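To start, the structure itself, in structure tokens.
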Amino acid sequence: MRDDARDYRDLFLRDVPMMDTRAPVEFVKGAFPGVLNLPLMTDLERQKVGTCYKQHGQEAAIKLGHQLVGGQTKAERVAAWAAFARANPDGYLYCFRGGLRSQIVQQWLKEAGIDYPRVVGGYKAMRTFLLDTLDEALAQCRFVVVGGMTGTGKTDVLAQLPNALDLEGHANHRGSSFGKRATGQPAQIDFENALAIDILRKRAAGIEQFVVEDEGRIVGSCNVPLALYQGMQGYPLVWLEDRFDNRVERILRDYVVDLCAEFIAVHGEEQGFVLFAERLLQSLDNIHKRLGGERHQRLLAIMQAALDEQQRSGAVELHRGWIEGLLREYYDPMYAYQRDSKAERIEFAGDEAAVVAYLREVN
């Protein structure tokens, strides 16, 4: 049998398959990318065993656990673990602290003829390792922030750089009031874990300077780690510029054409368009107070007419009306103010090609 794992760095660098034996409620709160949840106990079973432990001690809790997970239930769970072990012979299993639950799963697998190693320290130790990885990077590495007006293509720039950390990608959100996607966002802990693993792998490849997009404290429902966000308020800034008409086209692509296609891919043609339209209208409503009543109503009328035409004919040209209005009247004045307030930090400004070339050169 292979030894139990203690080298968390190696596990994440090699993307080793792992089986999480915690209860579903624990898994949903936070897990690692690509890990499969095959619990020893359901949420209800875990709750009953926990109550028993508090009232009567460990021995009684273990006895109850064996009663709850026995017979056919036990056989089905062992079969699922065995299937994972056979499909992933180089993998590992773990529970929360690498203790009793993972040892029980390991023992039951052994009784079924399969020796399968576990991660010593379990989820808690691996999570602590990833938090330390993030802290170390913030202390030891250089960071550069890419800023720019809405629609300049900051995400497009990041996609061309091997040392970019795509916070919006990890959060599955485009970052603005209109940034919510057809698929949901990860849990906060999942977001942090994915970001830390990204950093770990890039540093292992020799990268010591990272590029991030200028973000607010929150990307959708995901909080940017506080130390990183605080650092972003002082890191050198590269300002991305583009023509107004290019920005309108990019927003039309990202927030209308691509987002609509995303909703349709997830929910089907008819329901997908309905949900896409609701999302767009809700996004505008989210900034109702900041827009003011008159401006909100005017842009809403343009958006509704554009959606009606898109549903009728598939044409998206009318959407340019509300996009242009939002840029000129809302986003551009706000970003112009931000640029002025950050002017002393700007070390370079230019279009996409120039910014990408500069960032590659200074890396």
Side-chain angles (χ1 to χ4, degrees), residues 1-12 14-54 56-71 73-133 186-190 192-194 196-197:
M1 177 180 171
R2 289 176 294 121
D3 292 337
D4 291 339
R6 300 173 186 272
D7 187 344
Y8 313 127
R9 184 176 187 273
D10 180 67
L11 290 174
F12 291 119
R14 293 195 296 114
D15 198 18
V16 173
M18 289 189 283
M19 175 172 70
D20 187 323
T21 66
R22 296 177 300 157
V25 67
E26 297 171 279
F27 186 81
V28 168
K29 288 179 181 176
F32 308 117
V35 168
L36 186 64
N37 184 214
L38 294 172
L40 170 63
M41 292 182 288
T42 64
D43 295 336
L44 181 58
E45 290 162 355
R46 173 176 172 267
Q47 184 181 21
K48 289 179 178 178
V49 169
T51 300
C52 182
Y53 179 86
K54 289 177 184 177
H56 306 292
Q58 186 182 51
E59 187 175 336
I62 293 174
K63 183 178 179 181
L64 176 60
H66 282 281
Q67 290 172 356
L68 293 172
V69 187
T73 298
K74 175 181 175 181
E76 289 172 357
R77 289 179 196 174
V78 170
W81 301 331
F84 180 90
R86 293 190 189 99
N88 302 279
D90 58 338
Y92 292 86
L93 64 88
Y94 65 84
C95 62
F96 183 64
R97 291 189 182 87
L100 190 58
R101 284 183 288 180
S102 59
Q103 291 172 24
I104 289 172
V105 173
Q106 198 174 41
Q107 178 60 37
W108 288 357
L109 275 172
K110 188 171 184 179
E111 291 169 1
I114 298 174
D115 284 322
Y116 207 64
R118 62 190 176 90
V119 178
V120 177
Y123 172 83
K124 187 176 182 181
M126 290 187 283
R127 165 75 173 156
T128 300
F129 168 77
L130 291 180
L131 291 176
D132 290 345
T133 295
Q188 176 65 27
I189 291 174
D190 290 3
E192 294 169 357
N193 287 345
I197 292 169

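Note that the coordinates shown come from a computational prediction; the quantities given were computed from them, not determined experimentally.
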Notebook entry, point to check: At their closest point, which heavy atom of Tyr94 faces which heavy atom of Val35, and how far apart are they?
Noted result: OH-CG1, 3.3 Å
Item checked: Nearest-0.5 Å distance that lies between atom CG in Asp4 and atom OH in Tyr116 -> 12.0 Å
Notebook entry, point to check: Short question: side chain of Asn88, backbone of Met18 - any donor-acceptor pair under 3.5 Å?
Noted result: no
Notebook entry, point to check: Between atom CD of Glu45 and atom OG1 of Thr73, what is the distance when rounded to the nearest 0.5 Å?
Noted result: 7.0 Å
Check: Should we say atom NZ of Lys74 is surrounded by more than 12 heavy atoms from elsewhere, each under 6.0 Å from it?
Finding: yes
Check: Out of curiosity, Tyr123 OH to Arg97 CZ, how far, rounded to the nearest 0.5 Å?
Finding: 12.5 Å
Next item on the list: Answer yes or no: does atom CZ of Phe129 have more than 12 heavy-atom neighbours from other residues, nucleotides or ligands under 6.0 Å?
Entry: yes
Next item on the list: Please list, chain by chain and in numerical order, all residues satisfying ring-ring contact (aromatic ring centres under 6.0 Å, His included) with Trp108, sequence neighbours excluded.
Entry: His66
Notebook entry, point to check: Any sub-3.5 Å donor-acceptor pair from Thr21's side-chain atoms to Leu38's backbone N or O?
Noted result: no
Note to self: Tell me every residue that passes side chain to side chain contact (heavy atoms under 4.5 Å, CB included) with Val25, counting only those two or more places apart in sequence or in another chain.
What the structure shows: Ala23, Lys29, Asp43, Arg46
Next item on the list: Answer yes or no: is there a donor N or O on one side and an acceptor on the other, between the side chain of Asn37 and the main chain of Arg22, under 3.5 Å?
Entry: yes
Margin query: Is any side-chain heavy atom of Cys95 closer than 4.5 Å to one of Leu40?
Written below: no
Margin query: So Ile62 and Leu100, do their side chains get closer than 4.5 Å, heavy atoms only?
Written below: yes
Next item on the list: Supply the atom-to-atom distance Leu36 CG to Trp81 CH2, rounded to the nearest 0.5 angstrom.
Entry: 12.5 Å
Item checked: Minimum side-chain heavy-atom gap Thr128-Tyr8 below 4.5 Å -> no
Margin query: For a 4.5 angstrom cut-off between non-hydrogen side-chain atoms, does Leu93 reach Leu109?
Written below: yes
Item checked: Ile114 and Phe84, any side-chain heavy atoms less than 4.5 Å apart -> no
Check: Can a donor-acceptor pair be found between the side chains of Glu192 and Gln188 at a distance below 3.5 Å?
Finding: yes
Check: Do the side chains of Met41 and Arg101 get nearer than 4.5 Å, heavy atoms only?
Finding: yes
Notebook entry, point to check: In Å and rounded to the nearest 0.5 Å, what is the CZ to CZ distance from Arg118 to Arg6?
Noted result: 8.0 Å
Notebook entry, point to check: Got a second to check how far Cys52's SG is from Glu59's CD, nearest 0.5 Å?
Noted result: 10.5 Å
Margin query: Within the supplied structure, the quantity of interest is the number of heavy atoms (other residues, nucleotides, ligands) at a distance under 6.0 Å from Gln103 CD; does it exceed 12?
Written below: yes
Margin query: Is there a side-chain contact between Glu111 and Val78 in this structure, where contact means two heavy atoms from C-beta onward sitting under 4.5 Å apart?
Written below: no
Notebook entry, point to check: What are the two closest non-hydrogen atoms of Pro39 and Arg77, and how far apart are they?
Noted result: O-CD, 3.9 Å
Margin query: Quick one, Arg14 with Asp7, criterion side-chain contact (heavy atoms from CB on, under 4.5 Å). Give me CA distance, side-chain angles, the key distance, then yes/no.
Written below: CA-CA 11 Å; Arg14 293 195 296 114; Asp7 187 344; over 6 Å; no
Item checked: Glu26 with Arg127: basic N within carboxylate O range, under 4.0 Å -> no
Next item on the list: Mind listing the closest non-hydrogen atom pair of Asp190 and Ala31 along with its distance?
Entry: OD1-N, 2.6 Å
Checklist line | Side-chain touch Met126/Leu130, heavy atoms, less than 4.5 angstrom | finding: no
Checklist line | Non-neighbouring partners of Phe12 that pass ring-ring contact (aromatic ring centres under 6.0 Å, His included), sequence neighbours left out | finding: Phe32
